[in-house]
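Taking it in order: structure first as structure tokens, then the write-up.
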Amino acid sequence: MSSVQRNEQELIKIEKLHELRSLGINPYPVSFDRTHHAAEILTSFIDEQPDALSSVRVAGRIMAIRKMGKASFCHIQDVSGRIQIYLKKDDLGEAYDLLRLYDIGDIVGVEGFVFRTRMGEISVHAREFTMLTKSITVIPVGKEEVNEDGTVTRYDAIADKEQRYRKRYLDLIANPDIKETFIKRSQIIRTMRSFFDERGWIEVETPILQPIYGGATARPFVTHHNALDVDLYLRIADELYLKRLIVGGFEGVYEISKNFRNEGMDKTHNPEFTALEIYVAYKDYIWMMEMVEELFNTIVLNACGSETVEFQGTEISFARPFAKKKMFDLFQEHTGLNLRGLSREELLTAAKSAHVDVDPAASAMKILDEIFSVKVQPHLIQPTFVMDYPVEMSPLAKAHQTEAGLVERFELFIMGKEVANAFSELNDPLDQRARLEDQAVIRAAGDDEAMVVDEDFLHAIDVGLPPTAGLGVGIDRLVMLLTNNDSIRDVLFFPQMRPEKAHLEGE
RNA sequence: GAUCCCGUAGCUCAGCUGGUAGAGCAUUUGACUUUUAAUCAAAGGGCCUUGGGUUCGAGUCCCAACGGGAUCACCA
């Protein structure tokens, strides 16, 4: 019946499963009443008052078994950590012999009293133990050694990145420390939500399947709707929809959005990723900058418990205020050149003199971008707002109040990476139309990442978008920074992987 | 897309200039009633990623494919 090839160890486990059943034991009962997590017991046990924990019920996965004849020790792992269980034949009688049907990887429930062993480990002395789930596969569990300083050394745990990403459930079992990252990720997002909710801005949901994609420059994923017989795009951003809601009269909306971009994958790019976007009416980018400072400061305090964070050996301070620099001042500072208002040809010359390699056919915008990323970006280690971008780089941002050719836009850089992008939103309908039509020209010239004209969006802007400040934050990159992970794959439970080749049977 | 590295037992890894496949953990059996990377004794477990080639002989050398990693390029 089964087409799965079982190895020797799996066959033995299945045999044990059958034996449990034949003894009238259900290896998959429906529930277990638990009173304590492992960590609760470890922190609340007091040697002078053992009676306070004279009957506890714990549950978890068996991670180690040490049999010593008529007494045994095992470690079980629950969401909070590990705790040792002591099983003694004198106390368990016949049931003790069932232990031979229990293996590393099985999930068990234990009732007993808490005590401290001769070696000093707080443990549960079992009066009962119950199979809650018999595992029939071998899980790659590395042995653990608790060092004197309390750190844990793990031996031979699953290390192959491919397996860790493809079978994250095994990774979580064998390397439980990584749960920290994902718990922090959740705290970061929760902090954002409550920060916005407290200010009366509302969380909304906008389409993931979009007939026209927009709001960013990127290649989309295409899919097809059968009933309508039309192609739809997975969103690359939700910006244009959120602005429509501001047009409609909401004064603060945000969305934590899964976006999809059909581009390369590397340490900082996954085809699907999470972004926050928020739009607040009657505000501008200067106001937004202060809001971002406060938001990030709050997030870091909540998720990390401190205003400073260590990332790959560098201390990052989120103490307010953050540095604020104008883009062209930064060019001046790091290249010695004034690039303001230069033509494409002049920028090419400037790039050459700054020893930045650029494609000779690149647009002025791309040359500036290249010089910036090579000469400036690596210096932006501590949180730094970069302000006032050239208009060509920002087709959805409002023209600067006083600086011709610039827009009211900032990006926040940390550790040389962009983590936030914001502007005073462009709400001049004629200007917006002209800018998107410029994009269409660039697109027609072969740049398939330039924006597509979305007539309905333009119509919404015609109707009237109030003065509005908008912000986008790359959640994954922020989580990387705050959890000291240098690969996006380590902050996603299930990073995109090439599908494994199907087995060749039947061909 | 380019370059380099990797793919051997359930896991972590050895395997030299080609000569019938190794260890630790895990598993099985036995001993052991406070151990903790438990210990001690014995045993079982392999399509060496796949497909070609060179060779009397390939885990090992060559080519290709597949999967992964790293760096670079592209991309916010």
Side-chain angles (χ1 to χ4, degrees), chain A residues 5-13 15-16 63-75 82-92 96 100 103-105 115-121 123 125 135-147 152-167 170-171 173-175 216-219 236-237 259 261-271 273 275 357 359 362 366 369-370 372-373 377 393-394 411 413 417-421 447-449 472 474 476-477 486-487 489 495 497-504:
Chain A
Q5 281 290 325
R6 302 281 186 191
N7 67 32
E8 181 196 27
Q9 293 189 45
E10 289 172 333
L11 292 172
I12 290 166
K13 285 163 184 282
E15 198 42 52
K16 289 177 175 177
M63 300 301 284
I65 303 181
R66 292 180 292 282
K67 292 187 183 173
M68 303 168 44
K70 297 184 179 60
S72 296
F73 289 89
C74 63
H75 272 99
R82 289 187 180 193
I83 190 160
Q84 182 169 256
I85 308 295
Y86 179 52
L87 304 119
K88 204 163 113 173
K89 186 166 172 104
D90 292 348
D91 300 319
L92 296 162
Y96 182 82
R100 72 195 160 82
D103 292 301
I104 289 172
F115 74 112
R116 190 186 288 275
T117 66
R118 217 178 275 166
M119 299 300 288
E121 180 162 352
S123 308
H125 188 131
S135 168
I136 59 164
T137 192
V138 186
I139 63 169
V141 175
K143 296 209 166 189
E144 283 189 358
E145 181 177 23
V146 181
N147 304 311
V152 173
T153 307
R154 228 181 305 277
Y155 298 88
D156 303 337
I158 178 171
D160 178 33
K161 293 249 179 169
E162 177 177 3
Q163 249 210 98
R164 293 184 55 191
Y165 296 144
R166 287 191 195 276
K167 300 195 190 310
L170 290 179
D171 189 25
I173 293 167
N175 300 304
T217 52
R219 293 186 191 90
I236 58 172
N259 295 340
R261 297 188 184 174
N262 205 342
E263 286 166 357
M265 299 159 57
D266 60 30
K267 279 211 290 201
T268 55
H269 296 82
N270 194 65
F273 63 100
D357 280 336
D359 177 356
K366 290 227 157 148
D369 202 19
E370 188 60 26
F372 187 81
S373 62
Q377 228 169 293
M393 295 172 94
S394 322
E411 293 188 308
F413 285 85
K417 299 264 191 260
E418 179 216 330
V419 294
N421 179 23
D447 184 347
D448 57 354
E449 291 191 337
D476 308 289
R477 291 183 189 177
D486 76 339
S487 171
R489 294 191 184 107
M497 302 286 277
R498 189 182 294 276
E500 284 178 293
K501 201 163 190 189
H503 294 291
L504 298 172

Q. Of the candidate nucleotides B/U33, B/U28, B/A76, which contains the atom at the shortest distance from the side chain of A/Ile12?
A. B/U28
Q: Starting at the 5' end of nucleotides 68-74 of chain B, put B wherever the base has a protein heavy atom under 4.0 Å, S where only the sugar-phosphate does, and a dash everywhere else.
A: SSSS--B
Q: Taking only Lys NZ, Arg NE, NH1 and NH2, and the carboxylate oxygens of Asp or Glu, determine whether A/Asp359 and A/Lys366 approach each other closer than 4.0 Å.
A: no
Q: Select base, sugar-phosphate, or nothing to describe what A/Thr153 touches, counting heavy atoms under 4.0 Å on all strands.
A: nothing
Q. Backbone N or O of A/Asp160 within a donor-acceptor pair of the A/Tyr165 side chain at under 3.5 Å?
A. no
Q. Considering only B/A76, B/U28, B/U36, which nucleotide approaches the side chain of A/Lys16 most closely?
A. B/U28
Q.
Classify A/Arg154 by what it touches in the nucleic acid, base, sugar-phosphate, or nothing, heavy-atom distance under 4.0 Å.
A. nothing
Q: Kindly assign one of parallel, tilted or perpendicular to the pair A/Tyr86 and A/His125, based on the angle between their ring planes and the thresholds 30° and 60°.
A: perpendicular
Q | With sequence neighbours excluded, residues passing side chain to side chain donor-acceptor pair (under 3.5 Å) with A/Arg477 | A | A/His269
**Q.** Electrostatic pair A/Asp486:A/Lys267 at N-O distance under 4.0 angstrom
**A.** yes
Q) Dot-bracket, RNA chain B: Watson-Crick or G-U, under 3.5 angstrom, [ ] crossing, | other strand? A) (((((((..((((.....[..)))).(((((.......))))).....(((((..]....))))))))))))....
Q.
Base, sugar-phosphate or nothing for A/Glu411? Non-hydrogen atoms, less than 4.0 Å.
A. base
(Q) Using only modelled atom types and a 3.5 angstrom limit, is any donor from either the side chain of A/Gln84 or the base of B/U35 paired with an acceptor on the other? (A) yes
**Q.** Per A/Ile158 side chain, nearest of listed nucleotides B/U35, B/U12, B/U36
**A.** B/U12
Might you list the N or O atoms of the protein lying below 3.5 Å from N or O atoms in nucleotides 38-41 of chain B, with each pair's distance?
residue : atom : partner  : partner atom : Å
B/A38   : OP1  : A/Lys143 : NZ           : 2.5
B/A38   : OP2  : A/Arg66  : NH1          : 3.0
B/A38   : N6   : A/Lys67  : O            : 2.8

Q. A/Asp369 side chain: which of B/U35, B/G10, B/A76 is closest?
A. B/A76
Q: Between protein and nucleotides 42-49 of chain B, map the contacts as a letter string: B base, S sugar-phosphate only, - none, heavy atoms under 4.0 Å, written 5' to 3'.
A: --BS----
**Q.** RNA chain B: 5'-proximal contact among A/Lys88 and A/Val141 (nearest heavy atom)
**A.** A/Val141
Q. Mind checking what makes side chain to side chain donor-acceptor pair (under 3.5 Å) contact with A/Asn147, not counting sequence neighbours?
A. A/Thr151, A/Thr153
